[in-house]
Amino acid sequence: MSDAGSARQQTIPAPEGGRSSSDAAMAVMLGVVALLVGLSATMAGTWIAYWHGVPLSLLDGAIAAPETDKVSLYLVVCGTITTIFGGLSIYRSQDM
C-alpha cells in the first residue's frame with residue numbers, strides 16, 4: 001500500500017480509486033479461479049490414484065495408453081502448483 005503524505009518537502013498524492021483498485025480486483029478474481037482449477041486438478045488426481053478401476057483405453061495409432069499412476073501424479077503436482085500460484089496472487093493483490 002502506498003502512503004500519502006510528504007517526503008523530502010514534496011507532497012505525495014494519494015491514489016483515489018484509480019487503476020490500482022481494478023488491478024487488485026482482477027488479481028483476486030484470477031487467484032480465485034486458479035485456486036478452483038488447482039484444487040479440482042488435485043482432487044481429480046487423488047480420485048484417479050485411489051479409485052482407478054477403469055481399464056486403460058488404447059489411443060489411435062501406435063500410441064500406448066498412459067499409466068494411471070503417472071496421470072494422477074501429474075494432475076496432483078500441477079494442481080498443487082496452480083493452487084499455490086492462486087494463493088500467492090490473492091496475497092499479492094493486497095499490496096496493489
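Nothing fancy with the numbering, it's 1 onward along the sequence.
- For the atom pair T80 OG1 and F85 CZ, the distance stands at 11.5 Å (nearest 0.5 Å).
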Mind listing the side-chain donor-acceptor pairs of residues 71-79 below 3.5 Å, one per line with the distance, residues two or more places apart or on another chain?
{"from": "S72", "atom 1": "OG", "to": "T68", "atom 2": "O", "distance (Å)": "3.2"}
{"from": "S72", "atom 1": "OG", "to": "D69", "atom 2": "O", "distance (Å)": "2.9"}

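- The line from CE of M29 to OG of S93 is 12.0 Å long, rounded to the nearest 0.5 Å.
- Between D95 and R92, some side-chain heavy-atom pair lies under the 4.5 Å cut-off.
- L35 CG to I90 CD1: the interatomic distance, rounded to the nearest 0.5 Å, is 4.5 Å.
- For L39, the side chain to side chain contact (heavy atoms under 4.5 Å, CB included) partners at least two apart in sequence or on another chain are T83.
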